[in-house]
2 protein chains.
Amino acid sequence: MKNLELDLGERSYPIFIARDLIGEPDLWTKYIAGKQVCIVTNDTIAPLYLEKLKAQLGDKSVCEVILPDGEAYKTLTTLEQIFDTLLAKNHNRGTTLIALGGGVVGDMCGFAAACYQRGVQFIQIPSTLLSMVDSSVGGKTGVNHPMGKNMIGAFHQPNCVLADLSLLDTLPEREYSAGMAEVIKYGLICDAPFFEWLESNIAGLMSRNTDLLEEAVYRSCVNKAEVVAEDEREGGRRAILNLGHTFGHAIETAEGYGNWLHGEAVSAGMVLAMALSLELGWLGADIYERGKKLLELAGLPISPPENMDVDQFLQLMGRDKKVLDGRLRLVLLKGLGEAVVSSEAPEATIAKVLRAAGVRA
Amino acid sequence: MKNLELDLGERSYPIFIARDLIGEPDLWTKYIAGKQVCIVTNDTIAPLYLEKLKAQLGDKSVCEVILPDGEAYKTLTTLEQIFDTLLAKNHNRGTTLIALGGGVVGDMCGFAAACYQRGVQFIQIPSTLLSMVDSSVGGKTGVNHPMGKNMIGAFHQPNCVLADLSLLDTLPEREYSAGMAEVIKYGLICDAPFFEWLESNIAGLMSRNTDLLEEAVYRSCVNKAEVVAEDEREGGRRAILNLGHTFGHAIETAEGYGNWLHGEAVSAGMVLAMALSLELGWLGADIYERGKKLLELAGLPISPPENMDVDQFLQLMGRDKKVLDGRLRLVLLKGLGEAVVSSEAPEATIAKVLRAAGVRA
């Protein structure tokens, strides 16, 4: 087992990484302060892992909220279901919420914990690779609004995170690859040795070797923690975590959320960001090729969708909230493991890179 | 003008207290960081003060949300109106919300500020005496749930508070008295000299003399700040702010919210709490009489409603969230200005005091 201790804001918390962590209650039930526990999960994960989790909580008063699976339900309306259950079961300020699921469940459960009686404790048990390496670090919680993703939320740190790798046994291959896009991202933006380690071990990782996965999740969390610690509330450096995301959001919006998974759109977006960095003379062609190759070996798309055109792309990128003072701010690379946030790329250069990647003029 | 600086948690902020503060933009517009401002108010206050406030914000991009007036609208559904407007008007993370209204507007606007894009800045301009002396200090924000008041919320401190006493010119007498109940409460729980000052000046205060009001609001805020600073997240001492509130909640619930104003119920509740303290031998009869007299001179009820019986009272008090481990915890007085939180009062003694106050057996 690996674990790391995160020290963000007023409180620190541990992330445990290993197989079969749910089955080791001695490790983690001490992070439940009181007698009351509410498990928040979804209707995909509940049949697989809910009973096992509940079996560890024999001495607690446990209730559960099973939400419909999917980003479409990450709303204030769904959030009310959690509050309804907590109040109907008389949960008080000493209750602990447990998020059992992917990013959507984690974000909603965390936000419910941030707001219920002005703040209660919570534990995260991420069930996807993406949520293990991304939303388990940084304390971002929230829901979507019809006019924008994650527009309503709070910063709220969990008591602990259990990255139980055995939950990945039931993760579909496509979602596994999508999570790997964010893992590779950490190598690209700030950890060249990790990128090289990923290159050497991508075959084993794709066959879900436990030791390799443990290392990959651990290094991803360490990298995210370092970036976030410098900039907890997202003023500056934290933005490098968005490598490929502005291009990616354009793809997700154009294709409809869910048709391209977030990680897939980020993968194609990172290739575009690397191509733009290359075009600007900031990145060597060898690094661009190695980045693209590694994403491909992870089973990820490396080209944007064929049905988009350049104008549409630029327009959707411009609508993204990362726009400041009317200039398009993008995360680009000045070398392997060296991301920068820059508004230096002229729109014409971005358009040229898009066309070269096969986007219609 | 009086002002005090509050130092709570990670940030401090000033409370300004004087007439015509809205009309002095040099004093307070510097607390607006960016170009965007959203004023949240209600349909009672908007016709009276909204245009005057907007006139001070000439160089800002201002939008407004006018909510229906009343506690019944302090819900997640109403909150969404604020988010809808902010997103429709493209307000970003640099926006500043201004709460122009009483406690309901302040709580909702503050909670919207806590959650919009995971936290934006806000300014409070309380329009009632109650909100000037109560909700302007402490950072509590939130909305009600059908199953409980203030069950969903956050701690979020404003950038500054303008207690503009001229807004009280249009406050109905009954609401003015209700605010005075909380002012008197501070004297009773922790500030005997202030209580004596109130005794000497109650006539002038009830005629809304500006200098006296300025002093009363100032001393109330100072007292609340001292109590809250010791216990920002409400573990212990902050509970003394609830003198009379457990009895009061029982009255509000039995009579239906709004039929008895909160301050009126608290007034009758404080008299009961003093009577119980007297019965326990903790408080002299003279202090009990002086407390009752001062509340009466402030135009407040000093007896519980005639249509309640003792069983109902006890049952409604027991349902209150201040119950811990099945024992009724009450704020009682061990002297003027000396509140304690105690579960020592036997139920039989509480029942005796209720009967003596005219509650049916």
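Everything quoted here is computed from the prediction, not taken from an experiment. First the proteins, then the strands, lettered A, B, ... as listed; each starts at 1.
- Using modelled atom types, no side-chain atom of A:R118 and backbone atom of B:K140 make a donor-acceptor pair closer than 3.5 Å.
- Interface remark: of the candidates B:A114, B:G148, B:G142, B:A88, B:A88 forms the most heavy-atom pairs closer than 4.5 Å to chain A.
- Within 6.0 Å of OH in B:Y31 there are more than 12 heavy atoms belonging to other residues, nucleotides or ligands.
- Heavy-atom distances place no part of B:N90 under 4.5 Å from chain A, backbone and side chain included.
- Interface residue A:D84: backbone and side-chain heavy atoms are both found under 4.5 Å from chain B.
- Atom CG of A:L87 sits about 7.0 Å away from atom CD1 of B:I152, to the nearest 0.5 Å.
- Note that CZ of A:F83 and CE of B:M151 are 11.5 Å apart. Values are rounded to the nearest 0.5 Å.
- By number of non-hydrogen pairs under 4.5 angstrom with chain B, the leading residue of A:A154, A:P146, A:C115 is A:C115.
- More than 12 heavy atoms of other residues, nucleotides or ligands sit less than 6.0 Å from atom NZ of A:K60.
- Here the straight-line distance linking atom OG1 of A:T77 with atom CG of B:L76 works out to 9.0 Å at 0.5 Å rounding.
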